[in-house]
Student: 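Before we start, here is the structure in question, set down as structure tokens.
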Amino acid sequence: MILRPLRSMDLSLFLLLLSLSIPALALEDPFDCHFQVNGLKYDLTPLAGEHTVTRERATPPTREVDSVRLSLCSDLATQKDVSDPDQCPLGTRVCLTKINRKDDTDRIVSVIPIAQTSTLNPSYTPLSSPKGVSILFHGASYPHPINATDAEQSVNITLLCTPESESEEPEPKFISYNGELLELEWSSRAGCNFAGEDKDGNKGETPEDGGSSESSSLSSVGWFLLLVFVAFAIYMSAGAYYNYSTYGASGIDLIPHRDFWMEVPYMLRDVVSHLCSTVRPRRSSSHRGGYIAV
Ligand SMILES: *[C@@H]1O[C@H](CO)[C@@H](O)[C@H](O)[C@H]1NC(C)=O
Ligand SMILES: *[C@@H]1O[C@H](CO)[C@@H](O)[C@H](O)[C@H]1NC(C)=O
């Protein structure tokens with residue numbers, strides 16, 4: 001009988017799989033442009049993608065340009081031609097850049113992550129006249145221009161319900177920025193609510209009729225688990241087919257990487273005892289010994 005050290009490769013692979021699945025389960029769903037408020041549904045996907053709004057003001061002898069890049073449904077992409085300190089970090093959805101312009105020379109003076117996925121904490125307020133909805137997103141802290149104390153940044157995007165028109169989607173408008181709150185306005189059909197079942201027709205009037213709406217969509221955790229399950233099923237059947245066609249295996253030998261899967265229960269036990277031994281003093285005598293028979 002050959003003894004060999006417990007295969008730390010397998011153990012680390014197992015731990016890797018475990019650690020990949022835990023954060024995916026623990027993460028909150030990032031905002032995906034679908035939300036409900038007071039039983040009214042909104043779908044902001046027509047506004048997806050990157051948009052830019054600018055405001056330019058004379059501050060002689062220079063001009064001050066405020067440029068907002070926003071992407072509501074996903075994180076902004078990094079800009080290739082801009083150095084890192086001159087752009088918002090990864091995970092930003094609304095980024096305000098203040099530029100000072102003199103004789104056609106631009107100097108970036110502030111880069112402010114106004115809304116970030118990790119701190120987004122969205123809230124919604126339906127508006128009745130004019131009809132629409134306002135959404136509030138949160139971001140990082142940034143020194144206030146008046147007293148340089150850290151101010152939590154946020155953006156209030158007022159979406160005004162305008163029926164679909166033949167022209168292309170209008171772009172957002174810059175309303176104001178006071179050092180902590182950025183106000184934008186956007187006229188779009190995405191500002192109109194719809195009752196869940198009536199997505200294409202009759203937008204905007206009927207509040208939805210209670211419970212029937214929740215069932216239709218899987219959460220992203222649900223999708224993740226389904227994906228893992230499907231991947232596992234494909235792996236098992238492809239592996240079994242391979243073992244069958246290559247080695248003529250049958251029965252339990254069909255399981256791909258059989259040795260690995262047979263060890264999983266022991267690995268779990270090892271993981272648990274490792275975790276416990278960091279809390280309690282190690283009892284080396286009753287330990288599994290770190291060797292397995294092959
Ligand atoms: C800094 O100035 C802003 C705007 O005037 C104000 O809202 C904020 O409370 C001030 N912070 C401190 C610490 O004084
Ligand atoms: C956002 O803007 C809308 C429309 O101007 C206003 O009704 C709402 O109170 C604002 N929300 C916040 C948090 O400022």
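When a ligand or atom number is given, it counts from 1 through the structure's own listing order. Along the sequence shown, residues are numbered consecutively beginning with 1.
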Student: Taking the side chain from Tyr247 and the backbone from Ala249, do they hold a donor-acceptor pair closer than 3.5 Å?
Tutor: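 No: the side chain of Tyr247 does not pair with the backbone of Ala249.
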
Student: Testing the basics here: between Thr52 and Ser67, what is the closest heavy-atom pair and its distance to 0.1 Å?
Tutor: CG2-OG, 3.9 Å

Student: Go through ligand 1 atom by atom and flag the ones less than 4.0 Å from a non-hydrogen atom of Thr149.
Tutor: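 Here the atoms of ligand 1 in question are 1 (C), 11 (N), 12 (C), 13 (C).
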
Student: Might you work through the ring pair (Phe, Tyr, Trp, His ring centres under 6.0 Å) test for Phe137 and Phe31, ending with a clear yes or no?
Tutor: CA-CA 10 Å; Phe137 285 164; Phe31 178 73; 5.2 Å; yes

Student: What does the 4.0 Å heavy-atom contact list look like for ligand 2?
Tutor: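 Within 4.0 Å of ligand 2, the protein residues are Leu127, Ser134, Leu136, Asn156, Thr158, Glu183.
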
Student: Do NZ/NE/NH1/NH2 and the carboxylate oxygens of Glu64 and Arg55 come within less than 4.0 Å?
Tutor: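 Salt bridge absent between Glu64 and Arg55.
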
Student: Are there over 12 heavy-atom neighbours, none belonging to Tyr235, within less than 6.0 Å of that residue's OH?
Tutor: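 Atom OH in Tyr235 is crowded, with more than 12 foreign heavy atoms closer than 6.0 Å.
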
Student: Please identify each residue that fulfils side chain to side chain contact (heavy atoms under 4.5 Å, CB included) with Asp86, with sequence neighbours left out.
Tutor: Val82, Ser83, Ile108

